[in-house]
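These notes concern the structure reproduced below.
Here is the naming used below: chain letters follow the sequence lines, and residue numbers restart at 1 for every chain.
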2 protein chains.
Amino acid sequence: MTAARSFADRLSDRQAQAASLVCVGLDPDPARLPAPLSGGKNTAEAVLAFNRTLVEATSDLAAAYKLNLAFFEALGPDSWRVLEATLRAIPPDTPVIADGKRGDIGNSARFYAQACFDLLGFDACTVSGYMGRDSVTPFLSWPGRGVFLLARTSNPGGADFQQAECEGRPLYERVTRAAQTWAASIHESKGALGFVAGASDTEALRRIRALAPDAPLLIPGVGAQGGHIESVLEAVREGSGPVLINSSRAILYASSGQDFAQAARSAAENLRASLAPALS
Amino acid sequence: MTAARSFADRLSDRQAQAASLVCVGLDPDPARLPAPLSGGKNTAEAVLAFNRTLVEATSDLAAAYKLNLAFFEALGPDSWRVLEATLRAIPPDTPVIADGKRGDIGNSARFYAQACFDLLGFDACTVSGYMGRDSVTPFLSWPGRGVFLLARTSNPGGADFQQAECEGRPLYERVTRAAQTWAASIHESKGALGFVAGASDTEALRRIRALAPDAPLLIPGVGAQGGHIESVLEAVREGSGPVLINSSRAILYASSGQDFAQAARSAAENLRASLAPALS
């Protein structure tokens with residue numbers, strides 16, 4: 001049944017089921033593994049054990065997981081296997097986002113989408129739209145899968161170009177508007193197009209939400225990058241699209257000791273609780 | 001010795017050695033393998049055989065090779081092995097570019113660079129700068145390695161945002177100028193920063209060359225995407241930075257028959273000859 005539902009609907013289903021807006025970001029840094037898992041010879045196995053433990057500790061609290069592909073790619077020849085095994089550890093009804101920020105055209109985009117959606121089975125992926133229409137639309141044509149297009153990112157450099165005034169609007173707004181017209185022209189894209197909008201710029205968040213009230217929003221930068229939860233929730237109050245608040249380091253590295261799994265769970269629990277007002 | 005030289009210098013060395021500006025783009029599409037290699041069960045092995053044959057047929061003519069990571073990623077669990085084996089087939093003094101258009105920040109960018117430069121041994125990679133300064137500078141800090149930052153791409157959608165007038169300049173120009181100031185602040189970045197500038201917009205090519213006369217330029221879109229060689233060479237005549245003219249499909253798929261290797265060689269030879277005027 002779920003295969004017939006759009007990505008936005010499946011995400012909303014899971015958010016209601018888990019009563020959670022929390023997206024747990026898996027950015028497994030070998031240099032930051034907790035004591036019980038660090039120091040071994042086999043980095044890939046240690047990372048996989050770390051991922052499995054974290055998923056196990058948070059699976060009832062997570063509305064979604066986001067896997068940062070850079071951290072897997074750095075594992076070299078083992079990267080694909082660790083990626084597959086990590087994905088298998090995540091409950092099937094919990095959407096998983098491939099955070100690879102791909103951005104290429106035509107066949108290249110289709111091959112990235114094929115690897116991400118068909119081979120690995122991700123439910124959505126992050127996409128960078130610098131190359132324009134033909135770098136985004138191929139990802140929108142996989143029925144039931146989703147795209148989070150980079151609109152306004154929460155990193156310090158996010159303002160360098162995204163905030164630039166382009167023909168009367170900041171670039172991020174131009175990107176948001178353009179992508180919606182592209183999606184509208186693709187039948188399969190219903191509920192597929194979402195946006196990455198960082199917590200550090202609540203004004204941009206408010207604008208993006210106003211421009212795309214039904215679109216899923218992936219919001220990084222709460223906590224570590226300094227976004228305040230109350231102002232973030234206030235900025236996206238209007239509209240019906242599912243909102244995901246991503247937390248990576250604050251959950252993954254809540255403790256570097258024997259209690260790292262429990263500490264991660266507590267961090268996810270606290271974040272879920274702080275987001276509860278936005279669920280009702 | 002070469003390790004101490006900048007990427008731009010090593011690329012120039014190879015261009016002089018091969019008397020060539022040709023970058024052979026390896027975009028191995030399993031659906032387009034020539035007859036002698038198609039139809040088999042093991043796609044990864046067929047793709048690897050295709051890559052090895054093409055490298056063997058063109059290695060004396062190529063100033064550089066560009067591997068499109070999307071086509072490898074779509075091979076799934078075998079992707080890393082096929083990537084490594086393809087890289088081993090390329091002569092060590094010929095620079096190889098990882099065309100992955102990565103664009104992420106901090107640790108993510110460093111992990112991408114580590115996989116690309118340290119684990120796989122690529123000489124340069126393509127980078128997308130939508131996320132700004134902190135998504136580009138980590139790639140510029142690997143001594144002797146290079147970056148081709150997306151400036152003005154040759155695809156139809158390339159104009160959607162790159163041509164948008166941002167505070168008085170087209171976005172691609174703003175990106176070019178900003179990246180140069182970033183590179184100037186990084187000691188290790190000497191000769192590391194180049195740009196992707198498509199053949200389809202010779203005016204943009206001319207502007208980018210004028211803004212970055214010493215920077216390596218990677219120019220796709222000659223032939224298949226309709227750029228005219230004479231006007232492209234004319235547009236980049238000024239300046240001292242090495243210029244690479246990339247050709248992928250026109251070389252890879254010059255023939256789908258038994259003679260595919262010879263046909264690929266002839267296509268590369270013809271392209272090299274047509275670019276000869278720009279070498280002197």
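A heavy-atom distance below 4.5 Å is not found between the side chains of B:D104 and A:N155. Looking only at side-chain heavy atoms (C-beta outward), A:W80 and B:D78 stay at 4.5 Å or farther from each other.
Not a single donor-acceptor pair under 3.5 Å links the side chain of B:Y130 to the backbone N or O of A:M131.
The residue among A:S128, A:C116, A:G132 with the most heavy atom pairs within less than 4.5 Å of chain B is A:G132. Of the listed residues (A:S79, A:A115, A:G76), the one with the most heavy-atom contacts under 4.5 Å to chain B is A:G76. Counting heavy-atom pairs under 4.5 Å between each of B:A151, B:A109, B:G129, B:A113 and chain A puts B:A151 at the top. Between chain A and the options B:A70, B:A74, B:G100, the largest number of non-hydrogen pairs under 4.5 Å is found for B:A70. Most heavy-atom pairs under 4.5 Å with chain B: of the set A:R133, A:Q114, A:K101, this distinction falls to A:K101. Comparing A:V175, A:D29, A:T137, A:V136 by heavy-atom pairs within less than 4.5 Å of chain B, the highest count is held by A:V175.
Heavy atoms closer than 4.5 Å to chain A are found nowhere in B:L120, neither backbone nor side chain. Proximity to chain A is limited to the side chain of B:L119, based on heavy atoms less than 4.5 angstrom apart. Both the backbone and the side chain of A:L69 come within less than 4.5 Å of a heavy atom of chain B. Contact annotation for B:R81: neither backbone nor side-chain heavy atoms come within less than 4.5 Å of a heavy atom of chain A. Heavy atoms closer than 4.5 Å to chain A are found nowhere in B:T126, neither backbone nor side chain. Interface remark: B:S135 contributes no atoms to any contact with chain A (heavy atom separation under 4.5 Å). With a 4.5 Å cut-off on non-hydrogen atoms, B:R102 touches chain A through its side chain but not through its backbone. Residue contact with chain A, scored on non-hydrogen atoms closer than 4.5 Å, involves the backbone and the side chain of B:Y172 alike.
The CG atom of A:N107 sits 8.0 Å away from the CZ atom of B:R32 when rounded to the nearest 0.5 Å. Here SG of B:C166 is found 13.0 Å from CZ of A:R169. Values are rounded to the nearest 0.5 Å.
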- Message: Let's go through B:F111 and A:F71 carefully: what are the C-alpha distance in whole Å and the side-chain angles of both, what is the deciding distance for ring-ring contact (aromatic ring centres under 6.0 Å, His included) to 0.1 Å, and is it a yes or a no?
- Response: CA-CA 6 Å; B:F111 277 123; A:F71 291 75; 4.8 Å; yes
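Residues of residues 157-165 of chain A having a heavy atom under 4.5 Å from any heavy atom of chain B, listed by number: A:G157, A:G158, A:D160, A:F161, A:Q162, A:Q163, A:A164, A:E165. The stretch residues 178-186 of chain A places A:A178, A:W182 near chain B, each with some heavy atom under 4.5 Å from a heavy atom of that chain.
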